[in-house]
Each structure stands twice: as structure tokens, then as C-alpha cells.
Amino acid sequence: MTQVYGAGRESPVSYPPGTLAVVTESLSAAAARRMTLGAQGFTRRRPARVAPRHLHGMMDRLGVLQIDSVNVFARSHYMPAFARLGAYDPTLLDRSFLARTTRYVEYVAHEATFIPVDDWPLWRFRMEQFRKKWLADDQSWFAHNARTMNWVLDELRDRGPLRPAEIRADAPRVRGTWWDWDDVKLALEHLWRTGDVAVAGRNGFERRYGLAEHVIPAEILAAEVPETVAVHELVRRATRAYGVGTASDLADYHRLRHAQTKPAIAALVEEGELVPVRVRGWEADGRPIPAWRHRDAARPRRVETAAILSPFDPVVWFRERALRAFDLDYRIEIYTPAAKRRYGYYSLPVLVGDRIAARVDLKADRASSTLLVQSAWWEPSAAPGDAVHIAAELAHAADWQQLEDISVSGWGTATDAVADALRATRAVGRHEQGPGA
């Protein structure tokens, strides 16, 4: 992935000029966590029956929904809705997000994400960043393969939206990249990033690509949004989605540069939409890290929920923020050799109240209709009684995935307590499993 919009590390003295002197508000770390969870939708009552309007409401709060192909338990883009809304029919999300629709489209708005189609013009500046970066690099694939990309564009222009497999048979076939993509797939991915091509839906999980003018409504495609205006809006949305955040938090939400983000923060403070605050405990090198809250952010007195989070949920996707705000030192270990894993292949943080209490490595074993809890570990913020809430959410997750049983391994500091809590509520199996499993 290109580094054109990496966020970078925090600075303890990064207030834009003119804002430091007006910091009069102080928040506890717990209040900041609750503010974020409220902004993210975790203080809302889960509906008795999830309808499309609930998914759209979630997207209004999050703004982006990250996509990931790993399907050990459930693919990442299905999980934020489960965490916030409870069990729902995944075909509701499929119809709104994966089928060809005029409501959502895919772009690199964090990593690969679903976004509202109306937001396409906000990303024009990023599309041009990709184009200029690649054209300026004589060694880039983009600069060396104009003929292939033009051929692919002609195919889409003549035939409409297509899957890569539907056009690659007649294309040049030069393999050898890490992902083993052929030139057709590479051309489509590059053209998607530059905005010449858009994703027109998915067949299963395979993308269908079309010319942008065949996918994006004409009035949206024609809209021009200057970079400064787009960044201003994206920083505003990031603050609203987090409730409160630092400069690095607000940059990372949409993978902006700090140099882009700071003028937008200063402008939003001047407009009164962002309020400079100090969050007690958010420090670097012994000094407070500047932070801002959105003026409309609610301040919940408590958060009463339990939720299993995707690794790519906005609550935890920025690892620096997860450590600072939730004391969660988090890395997924998909690419770590089995014998060297500390927590499991795809460990998922578990939210209890306003704390990350544990992490669990889950796998849906369809053949045996069993949810495998391959490991379970307490986090530093765990509290007595958390196992009961975690067990209830695991049972809820098994029901959501239509799995009849739950099996808990013997690997991890939380397995005994979780298994005991599960036994009190439903049938649960137990097997011993180590990090090499």
C-alpha cells in the first residue's frame, strides 16, 4: 500500500497556532472513552429487529466501513453492525453494500472501505495523489503499463461492468507479484485508486468493476471539491465519529497527512465546531497530547454493553489510539507463525462497558456447527464479573452465525472463567489447544 497518506506519530505539542491558549476543558480518560463509544453508537439500545435503516444509521455515524477478506469467524465488514446492533441477517448488508447500488460504493477512505456514493467527490484529491505519485515514478507499474490500462478501460467502456475473470482471458498475462495478480487485476486496482474505475458491486466476494461514469451518478461524478474543502470536511467527520481525538487520531481516521489535518483542525476550532480539550492520561514524554472534542459529542455517564469487535472497527483500528485510550496493545497475528503467536490467529477485542476487557480468537467451524473459542485472554482493564458478559456475547455470536455449540480451548488466561460462565448458560465443550493449533 502506498505511503502517500500515512498519519505518523503523535507530538505532545501539536496544537495549531492560536488554539493552545484557549484549552480550558479537561476530561478524564474514562469520559473520553465513553464519549467515543457514544459517538460510535454503543450507547444506543440494540433494536429488536435490525432493518436497513439501522445499517444506514450506523454508516451515518461511522462514515466508512472497512472491508477485509478474512473469513475465519465473520468477514470484517459484517462485524461492526453486529457489535452495535446485535444479530441481524447479513443479506441485509449484502443488498445495501455488496450488490450494485446507488447508495454506497468502495474506495480507499481508510484502507478499502465502503463509503456513501455521495462522498465520491471528497476523494478526488486522493485519486489525483495516486495518479501523480505513480506517474512521477519511472519504476511504477502504473507508468509502465498505460497500454494495458487503456485496453482494460476500452473493455469496460464497450461491455459495461465486469469481473476480472470476464476480461482477463484476452489480456496480457504476466504473473509474479506477491498476490499473484495478473495484469488485468493490477490495472483495475490502479484505475480504481485513480478514480477512472469504480466498484460496481460484488459477486460473492469478487469485485465487479466499471467505468466511474457507469457506476457513479452523473451529478455526483461532475461535482468538484477542492482538497482543502474535502480535508476540512473529513476532519470534521472524524471528530464527530470519535467524539474526541488527537491530531493523529483525526488524521488516521481517513489516512490523511498531519500537514493536511492541522490547518483543518485550526479552521474548525475557529468556527466553533471543535473544542480544544485536555484528556487526563493522554500523554507523550510526560506532557499532555493536544486533543479536540466535537462540540455536539454526547457525554454518557455510563456505557452498558458487551461487544465483540472486528480488528478493523474504528474503536480499535488505530493501534496507537487503542493503546492510549483503552490500554489495548493490539496486533492481529495472521502473518505470525503459529508457534510464535501470543493470542491467536485472529484475536478479537471484547468490549465490556467502556473497557476492552478481553480478547478472543474465534473460528466458525461450519462442519461441526461449533463456535471455536481458540483462545481467550484477559486485558489489563478486566474486572470481576466480565466473564458473564463475555459468555453471553459469545452465545449471541454463535446464534448469529447459526452455530449450535461453543467449544472453549485451554489456551489463555480467560478460558476457565469464560468456559465456566458458558456452562452456566448453555452446552459448551472444552478442548486443550496451544498456540500451534
Side-chain angles (χ1 to χ4, degrees), residues 1 36-37 40-42 50 54-56 58-59 61-99 104-116 179 189 192 199 201-207 241-242 252-255 306-319 321-322 326 328 330-336 341 343-351 356 358-366 371-375 393-394 396-398 400-403:
M1 179 62 67
T36 289
L37 294 171
Q40 287 279 311
F42 285 98
V50 177
H54 297 114
L55 297 177
H56 301 322
M58 178 192 73
M59 277 297 288
R61 288 187 291 278
L62 272 60
V64 296
L65 183 63
Q66 186 166 337
I67 306 163
D68 190 73
S69 62
V70 176
N71 194 24
V72 181
F73 166 61
R75 285 196 170 107
S76 179
H77 48 281
Y78 293 103
M79 291 187 63
F82 173 65
R84 291 159 176 80
L85 304 174
Y88 70 100
D89 182 354
T91 62
L92 288 178
L93 190 144
D94 291 346
R95 290 196 295 270
S96 293
F97 291 82
L98 273 68
Y104 300 107
V105 72
E106 298 181 31
Y107 194 61
V108 193
H110 181 78
E111 297 293 335
T113 59
F114 294 110
I115 62 170
W179 290 102
E189 287 293 308
W192 172 59
V199 176
R202 290 179 179 253
N203 293 64
F205 199 66
E206 185 181 17
R207 284 170 170 162
Y242 269 151
D252 180 81
Y253 203 92
H254 296 107
R255 294 293 172 85
I308 299 168
L309 304 180
S310 159
F312 309 113
D313 191 294
V315 173
V316 296
W317 67 11
F318 184 30
R319 307 318 186 203
R321 178 181 172 91
F326 290 94
L328 176 69
Y330 187 48
R331 299 288 186 277
I332 56 175
E333 298 178 299
I334 294 174
Y335 305 114
T336 303
R341 290 177 193 144
Y343 300 106
Y345 179 78
Y346 201 58
S347 64
L348 307 174
V350 184
L351 180 70
I356 301 296
R359 66 182 82 190
V360 293
D361 182 22
L362 302 185
K363 179 177 180 179
D365 187 339
R366 304 291 175 186
L371 176 62
L372 303 180
V373 183
Q374 300 184 113
S375 73
E393 196 61 16
L394 288 171
H396 190 48
W400 176 50
Q401 290 295 302
Q402 300 181 342
L403 302 171

- request: Output all residues satisfying side chain to side chain donor-acceptor pair (under 3.5 Å) with Gln66, sequence neighbours left out; order by chain, then residue number.
  value: none
- prompt: With sequence neighbours left out, what residues match Asn71 under side chain to side chain contact (heavy atoms under 4.5 Å, CB included)?
  reply: Arg75
Side-chain contact, heavy-atom cut-off 4.5 Å: [X] with [Y]?
X: Asp361; Y: Tyr345; result: yes
X: Glu106; Y: Ile67; result: yes
X: Leu93; Y: Phe82; result: no
X: Ser375; Y: Val360; result: no
X: Leu37; Y: Leu351; result: yes
X: Thr36; Y: Arg321; result: yes
X: Glu111; Y: Trp317; result: no
X: Tyr330; Y: Arg359; result: yes

Listed partners of Trp192 passing ring pair (Phe, Tyr, Trp, His ring centres under 6.0 Å), at least two apart: Tyr107
Which atom pair, heavy atoms only, marks the closest approach of [X] to [Y]?
X: Ile308; Y: Ala83; result: O-CB, 3.6 Å
X: Arg319; Y: Pro311; result: NH1-O, 3.0 Å
X: Ile115; Y: Thr113; result: CG2-OG1, 3.6 Å
X: Trp400; Y: Ala87; result: CD1-CA, 3.7 Å
X: Tyr253; Y: Gln40; result: OH-NE2, 3.7 Å
X: Met59; Y: Tyr104; result: CB-OH, 3.7 Å

Assert yes or no for the condition that the ring centre distance of [X] to [Y] is strictly below 6.0 Å.
X: Tyr346; Y: Phe73; value: no
X: Phe114; Y: Phe97; value: yes
X: His77; Y: Phe205; value: yes

message: Please check: side-chain N/O of His110 versus main-chain N/O of Leu65, any donor-acceptor pairing under 3.5 Å?
response: no
Salt bridge (Lys or Arg N to Asp or Glu O under 4.0 Å) partners of residues 79-93, not counting sequence neighbours, each pair once: Arg84-Asp313
- request: Show the numbers, then the answer: is there a side-chain contact (heavy atoms from CB on, under 4.5 Å) between Tyr78 and Asp94?
  value: CA-CA 9 Å; Tyr78 293 103; Asp94 291 346; 2.5 Å; yes
- request: Just jot down the salt bridge (Lys or Arg N to Asp or Glu O under 4.0 Å) partners of Arg61, sequence neighbours excluded, or say none.
  value: none
- prompt: Considering residues at least two apart in sequence or located in another chain, which fulfil the salt bridge (Lys or Arg N to Asp or Glu O under 4.0 Å) criterion with Glu333?
  reply: none
message: Can you confirm whether more than 12 heavy atoms, excluding those of Gln402, are under 6.0 Å from its CD atom?
response: no
- line: Rounded to the nearest 0.5 angstrom, the CG-CG distance for Leu403 and Leu372 is 8.5 Å
Atom pair CD1 (Ile334) and OG (Ser347), whose distance is rounded to the nearest 0.5 Å: 9.5 Å
- request: Take Val373 and Leu362 through the side-chain contact (heavy atoms from CB on, under 4.5 Å) test and state the conclusion after the steps.
  value: CA-CA 5 Å; Val373 183; Leu362 302 185; 4.0 Å; yes
- request: Please determine, by modelled atom types, if Thr336 and Arg331 share a side-chain donor-acceptor pair under 3.5 angstrom.
  value: no
